[in-house]
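A short write-up of the structure that comes next.
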Amino acid sequence: MDAAPTTRLAPSPTGGLHLGNARTFVANWALARQRGGKVLMRIEDVAPTSTTSTWDDDVLGVLRWLGLDWDGPPLIQSAELPPHQEALNTLAARGLVFQCSRTRKELVLVTAPQEGDFEARYAPELRPPQPWPTDPKTAPKGQNWRVKTEPGVVSFSDEFAGNQYFDPHRDVGDFILWTKRGQPSYQLACVIDDYRTGVNMVFRGDDLLSSTARQIVLAKLLGLPLPKWWHVPLVLDEKGDRLAKRNRSIRLTELRDAGVDQGAVLRLLAKWCGHEAPQHIKNIQDFLAGFSIERMPREPVRCTKQDLEQLHER
Ligand code: GLU
């Protein structure tokens, strides 16, 4: 039998969590708890977007309000950078990373199909001439560091989404590992923190499937074990677009502050997770009891106007 899982909830404190984020978190939490696993909390505050919300209230407060719990204190990514720096040093000493001062505009724009937006591909022709600095401590500051990628397919078997095939070299090329602001990129931070906190279960939205391929590249270069992944489809709005944090009517803090009952939110999340009898759910324990990963929808679910109106009914 597999060892009990250790998973993590990894919110980015950028503008408050919405119902789609909450749906992924409660499903992640429930699956781990059903399997006797640990749930860690990690605040991913090294993202390139500016941090606009206070993570203790907007993020942790609303998750507690829903009834979620986690084991141990939250890990605040930006507060513990030495392990990430060490990984950069290791790769630099092996000549696998280089500095880059090119702006996004200078790079070829390619569509990132999973994310519905654009991501710049860094082609190998753009690499600076060798030799590359091998010691980041003495290298010029204020530049991005990129990892040299090799052509080839990265495949993995996702516990939910099935077999996956990506070619990071073709899709994004040499991707950023360390930013000019002096912080690890999401890809590096995720790999290092999952590893050092013993995470062996990663459950998240399927917009991150292509990131998983990049994270596998990094984990292999660093000789780290790979977790298992569950990537689930996102919640979409009525037009078929991803839910956006700027839409206030779906933000958890707004719903809580408007007096919406957390049971009503959990019933909606349960419906979106394929529960058999979501209408009977009053609290997170009921959610847990009725959760089944087998019933989790395989297609994106829609957040309708009626769903939102029902939240406010008493
Ligand atoms: N911080 C990411 C988000 O909020 C999640 C990343 C992950 O689970 O690896 O979308």
Side-chain angles (χ1 to χ4, degrees), residues 8 10 12-14 42-51 55 74-110 112 119-152 154 167-199 210-227:
R8 78 306 196 273
S12 304
T14 49
R42 179 163 90 216
I43 302 293
E44 298 212 318
D45 60 347
V46 296
T49 40
S50 62
T51 293
W55 51 261
L75 180 124
I76 315 300
Q77 236 167 14
S78 65
E80 293 184 39
L81 297 185
H84 309 89
Q85 181 79 55
E86 206 178 298
L88 173 69
N89 294 349
T90 302
L91 297 176
R94 285 161 55 198
L96 294 173
V97 293
F98 58 89
Q99 285 190 292
C100 158
S101 56
R102 282 178 201 271
T103 62
R104 227 175 108 82
K105 283 209 189 99
E106 289 177 77
L107 307 181
V108 185
L109 289 179
V110 290
E119 196 158 2
R121 174 171 190 263
Y122 190 97
E125 304 83 79
L126 301 173
R127 287 174 192 158
Q130 303 262 15
W132 297 339
T134 51
D135 183 359
K137 282 193 278 309
T138 56
K141 302 286 170 232
Q143 292 192 30
N144 292 323
W145 288 82
R146 291 178 180 273
V147 63
K148 193 173 146 220
T149 53
E150 301 295 339
V154 174
D167 186 338
H169 178 79
R170 186 199 59 201
D171 298 340
V172 291
D174 299 338
F175 57 90
I176 296 180
L177 198 83
W178 194 267
T179 71
K180 52 180 174 236
R181 294 172 297 117
Q183 289 192 322
S185 65
Y186 158 65
Q187 310 295 352
L188 180 66
C190 180
V191 167
I192 297 301
D193 285 340
D194 281 345
Y195 166 67
R196 69 194 191 90
T197 57
V199 166
S210 69
S211 283
T212 298
R214 275 170 264 177
Q215 292 167 14
I216 290 173
V217 168
L218 292 181
K220 289 198 167 156
L221 288 176
L222 292 162
L224 304 179
L226 298 174

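Worth knowing before you read on, the calculation uses all heavy atoms, side chains too, and leaves out hydrogens, waters and symmetry mates. Just so you know, residue 1 is the first one in the sequence shown, and it goes up from there. Because the structure is a prediction, the values reported are computed rather than measured.
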Among side-chain atoms of [X] and [Y], is any donor-acceptor pair under 3.5 angstrom?
X      : Y      : result
Tyr186 : Gln77  : no
Asn144 : Gln99  : no
His169 : Asp174 : no
Ser211 : Gln187 : yes

Problem set entry | Salt bridge present between Arg127 and Glu125 (N-O < 4.0 angstrom) |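 No, Arg127 and Glu125 are not salt-bridged.
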
For this session: Answer yes or no: is there an ion pair linking Arg42 with Asp194, defined by an N-O contact shorter than 4.0 Å?
Result: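 Yes, Arg42 and Asp194 are salt-bridged.
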
Between [X] and [Y], is any pair of side-chain heavy atoms under 4.5 Å apart?
X      : Y      : answer
Gln183 : Ser78  : yes
Val172 : Arg214 : yes
Leu91  : Lys148 : no
Pro133 : Thr138 : no
Trp178 : Ser185 : no
Leu126 : Arg102 : yes
Leu96  : Leu221 : yes

Problem set entry | Derivation and outcome, side chain to side chain contact (heavy atoms under 4.5 Å, CB included), residues Leu226 and Ile216 | CA-CA 7 Å; Leu226 298 174; Ile216 290 173; 4.3 Å; yes

Which heavy-atom pair separates [X] from [Y] by the least distance, and what is that distance?
X      : Y      : value
Asp167 : Gly152 : OD1-O, 3.1 Å
Asp45  : Ile76  : OD2-CG2, 3.4 Å
Cys190 : Gln215 : SG-OE1, 3.5 Å
Pro136 : Asn89  : CG-OD1, 3.3 Å
Val46  : Ala189 : CG2-CB, 3.9 Å

Problem set entry | Residue of the set Trp145, Phe175, Phe98 for which ring pair (Phe, Tyr, Trp, His ring centres under 6.0 Å) holds with Tyr122 |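 Of the listed residues Trp145, Phe175, Phe98, the ring pair (Phe, Tyr, Trp, His ring centres under 6.0 Å) partner of Tyr122 is Phe98.
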
For this session: Count the heavy atoms belonging to other residues, nucleotides or ligands that lie under 6.0 Å from NZ of Lys141, then report whether that count exceeds 12.
Result: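 Counting other residues, nucleotides and ligands, NZ of Lys141 exceeds 12 neighbours.
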
Problem set entry | CD/Glu86: more than 12 non-hydrogen atoms of other groups inside 6.0 Å |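 For Glu86, atom CD is not crowded (no more than 12 foreign heavy atoms under 6.0 Å).
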
Problem set entry | Leu88 CG to Ile192 CD1 distance, which is reported to the nearest 0.5 Å |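 Between atom CG of Leu88 and atom CD1 of Ile192 there are 10.0 Å.
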
Exercise. How many angstroms lie between atom OG1 of Thr197 and atom CD of Glu80, to the nearest 0.5 angstrom?
Worked result: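 The CD atom of Glu80 is 10.0 Å from OG1 of Thr197, to the nearest 0.5 Å.
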
For this session: With side chain to side chain contact (heavy atoms under 4.5 Å, CB included) as the test, would you mind laying out the steps for Val147 and Val217 before giving the verdict?
Result: CA-CA 10 Å; Val147 63; Val217 168; 5.6 Å; no

